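Everything quoted here is computed from the prediction, not taken from an experiment. One-based numbering, in listed order, for ligands and for the atoms of each.
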Amino acid sequence: MKNIRIAVDGPASSGKSTVAKIIAKNLGYTYLDTGAMYRCATYLALKNDLTDENVAMILQQLDEHPISFGRDIEGNQLVFLGDVDVTLAIRQNDITNNVSWISALPEIREELVAQQRRIAEKGAIIMDGRDIGTVVLPDAELKIFLIASVDERAERRYKENLEKGIPTDLETLKEEIAARDYKDSHRKVSPLKAADDAITFDTTGVNIEGVVNFIQEKAKKIIDKG
Ligand code: DC
């Protein structure tokens, strides 16, 4: 059986990580949440009062506190910086509202993309992000670009935040998601866009199972052919 690389890109809260995690489990693949890596860089920058004028120091922080992933006893993903568990910390609003400027810095992208490619070397991986199909794995065997309306994405993030105990206002979320879409799509380096050979799927009104099935069918066809 062929071990393929699946790239899942799309705007904030388009359902990428939820479906990618399920597909990884079903196929026995590695799941890599590249957004968590940009959030880690943001966490280190904010914690050390660093700005876009201190890029070398942010890189040094990343070097001193390597990003790694683990699992809790229920199988949920954990994110570590060095040996500190930052799983919840990187989802807080201050990180979410600052991650766009960090992820627009070319030197930070270069470092994180190199780490992502190393993790993907063995294949059998599903990765979600903004530039996986265009930059990180341009020759991935399957590329999916998920989209959904701002309203629906805000509702999804609202529910997620409530479950995680993160205080949130729905209208503010809509504005923040639209603002992040704009920044992610208009930055100079690796802007959010579908690869020419990506399959775009609008998940508005489609449940998680529907999205998972859609992607998994495409993946299985490629895997079985190999
Ligand atoms: O998927 P997420 O919302 O956790 O991602 C957080 C931010 O990281 C997102 O606003 C843009 C950035 N990002 C990126 O620039 N490239 C990626 N491959 C993944 C995320």
Side-chain angles (χ1 to χ4, degrees), residues 5-21 24 31-46 52 55 58 62 67 69 76-79 81 86-120 125-138 140 143-148 150 152-154 156-161 164 166 168 173-195 198 203 211:
R5 290 154 304 162
I6 307 172
V8 183
D9 290 301
S13 301
S14 53
K16 303 179 299 288
S17 65
T18 309
V19 298
K21 276 179 205 159
Y31 162 64
L32 183 62
D33 175 355
T34 64
M37 299 173 80
Y38 289 94
R39 287 174 180 272
C40 281
T42 309
Y43 174 91
L44 290 171
L46 296 188
D52 55 1
V55 180
I58 304 176
L62 276 169
I67 303 169
F69 295 89
N76 299 314
Q77 174 182 266
L78 297 174
V79 187
L81 274 170
V86 292
T87 312
L88 283 181
I90 60 167
R91 303 288 155 194
Q92 300 300 319
N93 292 332
D94 56 337
I95 304 291
T96 305
N97 293 330
N98 280 279
V99 68
S100 289
W101 68 260
I102 296 271
S103 51
L105 298 170
E107 297 89 342
I108 303 290
R109 299 203 72 81
E110 202 182 310
E111 170 57 27
L112 295 184
V113 167
Q115 293 187 19
Q116 291 156 14
R117 287 185 179 144
R118 277 200 293 277
I119 296 169
I125 189 161
I126 179 162
M127 244 155 131
D128 80 339
R130 305 292 189 289
D131 60 340
I132 311 303
T134 50
V135 175
V136 182
L137 303 175
K143 298 180 185 176
I144 304 288
F145 196 77
L146 294 182
I147 54 172
V150 171
E152 177 143 340
R153 287 185 285 139
R156 289 177 190 166
R157 187 63 52 121
Y158 182 71
K159 280 189 204 147
E160 260 174 44
N161 284 359
K164 288 178 186 153
I166 301 172
T168 315
L173 253 189
K174 284 183 194 170
E175 284 162 25
E176 285 171 357
I177 285 181
R180 203 138 64 91
D181 280 359
Y182 185 85
K183 286 184 204 153
D184 290 349
S185 326
H186 288 80
R187 67 174 177 230
K188 282 205 196 91
V189 205
S190 310
L192 167 70
K193 72 168 186 315
T203 70
V211 187

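- Shortest contact from atom 2 (P) of ligand 1 to any protein heavy atom: Arg130 NH2, 3.7 Å.
- Ligand 1 does not have Met127 within reach: every non-hydrogen atom of the residue lies 4.0 Å or more from it.
- For the pair Leu112 and Ile108, the minimum side-chain heavy-atom distance is below 4.5 Å.
- For atom 16 (N) of ligand 1, the closest non-hydrogen atom of the protein is Arg109 NH2, 3.0 Å.
- Among Glu152, Arg156, Arg153, the single residue meeting the side-chain hydrogen bond (donor to acceptor under 3.5 Å, both in side chains) criterion with Thr203 is Arg156.
- In this structure, atom 20 (C) of ligand 1 lies nearest to the protein heavy atom Gly35 CA, 3.5 Å.
- Summary of contacts: the protein heavy atom closest to atom 18 (N) of ligand 1 is Asp131 OD1, 2.8 Å.
- Between Ser103 and Arg187 the shortest side-chain heavy-atom distance falls below 4.5 Å.
- Taking a cut-off of under 4.0 Å to the non-hydrogen atoms of Gly129, the atoms of ligand 1 that pass are 17 (C), 18 (N), 19 (C).
- When only non-hydrogen protein atoms are considered, atom 10 (O) of ligand 1 lies nearest to Arg180 NH1, 2.6 Å.
- Within the 4.0 Å heavy-atom criterion, the part of Arg39 lying near ligand 1 is the side chain and not the backbone.
- Not one N or O on the side chain of Arg180 forms a donor-acceptor pair closer than 3.5 Å with the backbone of Asn97.
- Within ligand 1, counting atoms from 1 as listed, the ones closer than 4.0 Å to a heavy atom of Arg91 are 4 (O).
- Residues satisfying the side-chain hydrogen bond (donor to acceptor under 3.5 Å, both in side chains) criterion with Ser185, sequence neighbours excluded, are absent altogether.
- With a 4.0 Å cut-off on non-hydrogen atoms, Met37 does not touch ligand 1 at all.
- Counting only heavy atoms of the protein, atom 12 (C) of ligand 1 lies nearest to Ser103 OG, 3.6 Å.
- Looking at Arg187 against ligand 1, only its side chain comes within 4.0 Å, counting heavy atoms.
- Arg91 meets the side chain to side chain contact (heavy atoms under 4.5 Å, CB included) test with Asp33, Ala36, Arg39, Lys164, Ile166; sequence neighbours excluded.
- Side-chain N or O atoms of Lys16 include one that pairs as donor or acceptor with a backbone N or O of Gly10 at under 3.5 Å.
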Inset, instruction - Apply the test side chain to side chain contact (heavy atoms under 4.5 Å, CB included) to residues Ile67 and Leu62: give CA-CA distance (whole Å), side-chain angles for both, the deciding distance (0.1 Å), then the verdict. - result: CA-CA 7 Å; Ile67 303 169; Leu62 276 169; 3.8 Å; yes
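- If you number the atoms of ligand 1 from 1 as listed, the ones under 4.0 Å from a heavy atom of Asp184 come out as 9 (C), 10 (O), 11 (C).
- Asp9 contributes a side-chain N or O that, together with a main-chain N or O of Asp131, makes up a donor-acceptor pair within less than 3.5 Å.
- The protein heavy-atom contact nearest to atom 19 (C) of ligand 1 is Thr34 OG1, 3.3 Å.
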